[in-house]
Amino acid sequence: MMNNYTLGTEYTPNSLLDSHSSAHEVQSINSADIIARLESHEGIGKKGISDVRRTFCLFATFDFLFVTLLWIIELNVNGGILDALQKEVLKYDYYYSFFDIFLLSFFRFNMLILAYALCKIHHWWAVSITTLITCAFLLVKVILSKLFSTGAFGYVLPIMSFILAWIEAWFLDFKVLPQEAEEENRLLMIRSVTERAVVLPQGPMSEGQFYSPPESLTGSEDEFEEKQNDEKPLL
């Protein structure tokens, strides 16, 4: 009976230590996971530009290069490129030249790259300005000019410039800004959880903090024998 009692007293502190060690490991893993996620988000922020914003800047570059390519093709269709350049640039005619549509795409490219790649603003005002100016200019150009008499490019260049400008506005307003705001809110939430995390103990609890020595049974045995001797009938 004494052996069983001793084993029980030895098992109790060991089990407490094991449970405390397991809880300590779980909390350490959770804290390490939170810190790792925080560092990953901070690393993304330190890159200076998000992936979705980089995609938007690439699309703005594509807008400019695509309109430039169409304009160069149009110059070659109407004869030699040098003669066409002299006609459309040096002898610019608002009613027949496509040079202003090329300049309009160049203006959009510079405005958007300056605002969203270099200045890294988080507002839609820059793209709204480029879209508004593009739409207004193209509407007036189509109404007053005689581009339709120049062939297929009289339709293609204005229509493509109009579509690309609106795609840029849609992509920024519905993709870039919402995703960046969501990412920023997620980073703030992770920081808040990390700051409010419970401070963990420096090391595992020692066995002495849980262990209490078993009560001595020697005195109890002596008292039991004396009680038995007192209860024996006197002869």
Check against side-chain contact (heavy atoms from CB on, under 4.5 Å), Met189 and Asn185: CA-CA 6 Å; Met189 183 182 65; Asn185 291 335; over 6 Å; no
Trace of the side-chain contact (heavy atoms from CB on, under 4.5 Å) decision for Leu138 with Leu104: CA-CA 9 Å; Leu138 290 176; Leu104 187 63; 4.1 Å; yes
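Linking ILVMFWY side-chain heavy atoms closer than 4.5 Å, directly or via other members, places Ile129 and Leu118 in two distinct hydrophobic clusters. Hydrophobic clustering keeps Ile101 apart from Leu90 (ILVMFWY residues linked when any side-chain heavy atoms are closer than 4.5 Å, directly or through intermediates). Side-chain heavy atoms closer than 4.5 Å link hydrophobic residues (I, L, V, M, F, W, Y) into clusters, and following such links, even through other members, never connects Leu187 to Leu177. Hydrophobic clustering (side-chain heavy atoms under 4.5 Å, transitive across Ile, Leu, Val, Met, Phe, Trp, Tyr) keeps Phe102 apart from Leu139. Linking ILVMFWY residues whenever their side-chain heavy atoms come closer than 4.5 Å, directly or via other members, leaves Met111 and Ile49 in distinct clusters.
Using bins of under 30°, 30° to 60° and over 60° for the plane-to-plane angle, the ring pair Phe56/Tyr116 lands in the perpendicular bin. Between Phe66 and Phe62, the angle of the ring planes stays under 30°, which puts this pair in the parallel group of the 30/60° scheme.
Residues satisfying the side-chain contact (heavy atoms from CB on, under 4.5 Å) test with Trp170, not counting sequence neighbours, are Phe174, Lys175. For Glu180, the salt bridge (Lys or Arg N to Asp or Glu O under 4.0 Å) partners are Arg53, not counting sequence neighbours. Taking Asp93 as the reference, Tyr95, Tyr96 meet the side-chain contact (heavy atoms from CB on, under 4.5 Å) condition, with sequence neighbours excluded. Applying the ring pair (Phe, Tyr, Trp, His ring centres under 6.0 Å) rule to Phe148 yields the partners Tyr155; only residues at least two apart in sequence or on another chain are considered. Lys141 pairs by the side-chain contact (heavy atoms from CB on, under 4.5 Å) definition with Tyr92, Tyr94, Asp100, Phe137, Ser145, Leu147, not counting sequence neighbours. By the side-chain contact (heavy atoms from CB on, under 4.5 Å) test, Ile163 pairs with Ile159, Ile167, sequence neighbours left out.
To the nearest 0.5 Å, atom CD of residue Glu74 and atom CG of residue Leu69 are 12.0 Å apart. Note that CD of Glu168 and SG of Cys57 are 10.0 Å apart. Values are rounded to the nearest 0.5 Å. Here the CD1-CZ distance, from Ile73 to Phe153, works out to 5.5 Å after rounding to the nearest 0.5 Å. To the nearest 0.5 Å, the span separating CZ on Phe64 from CD1 on Ile113 amounts to 11.0 Å. For the atom pair OG of Ser50 and CD of Glu183, the computed distance is 8.5 Å after rounding to the nearest 0.5 Å. Between Leu75 atom CG and Phe99 atom CZ the span is 10.0 Å, to the nearest 0.5 Å.
Within the 3.5 Å criterion, the main-chain N or O of Phe98 finds a donor-acceptor partner in the side chain of Glu88. Not a single donor-acceptor pair under 3.5 Å links the side chain of Asp173 to the backbone N or O of Ala169. The main-chain N or O of Val127 is found under 3.5 Å from a side-chain atom of Thr130 such that the two form a donor-acceptor pair.
The hydrophobic cluster analysis finds Leu58 isolated: no Ile, Leu, Val, Met, Phe, Trp or Tyr side chain comes under 4.5 Å of it, directly or through other members. Within the hydrophobic cluster formed by Ile, Leu, Val, Met, Phe, Trp and Tyr side chains joined at under 4.5 Å, directly or through other members, Leu132 stands alone, with no partner residue.
Residue pairs meeting the salt bridge (Lys or Arg N to Asp or Glu O under 4.0 Å) criterion with at least one partner in residues 143-167, sequence neighbours excluded, are absent. Evaluation of the salt bridge (Lys or Arg N to Asp or Glu O under 4.0 Å) test over residues 122-140, restricted to residues two or more places apart or in two chains, returns none. Within the structure, salt bridge (Lys or Arg N to Asp or Glu O under 4.0 Å) pairs that include any residue of residues 127-138 do not occur (at least two apart or interchain). Sorted by first and then second residue, the salt bridge (Lys or Arg N to Asp or Glu O under 4.0 Å) pairs with a member in residues 57-66 read Asp63-Arg108; sequence neighbours excluded.
Between Trp124 and Leu172 the shortest heavy-atom distance is CA-CD2, 4.0 Å. For Thr134 against Ser161, the heavy-atom pair with the smallest separation is CG2-O, 4.0 Å. Counting all heavy atoms, side chain and backbone alike, Asn110 lies closest to Phe106 at ND2-O, 2.7 Å. Contact detail for Leu70 and Met160: the closest heavy-atom pair is CD1-CG, 4.2 Å.
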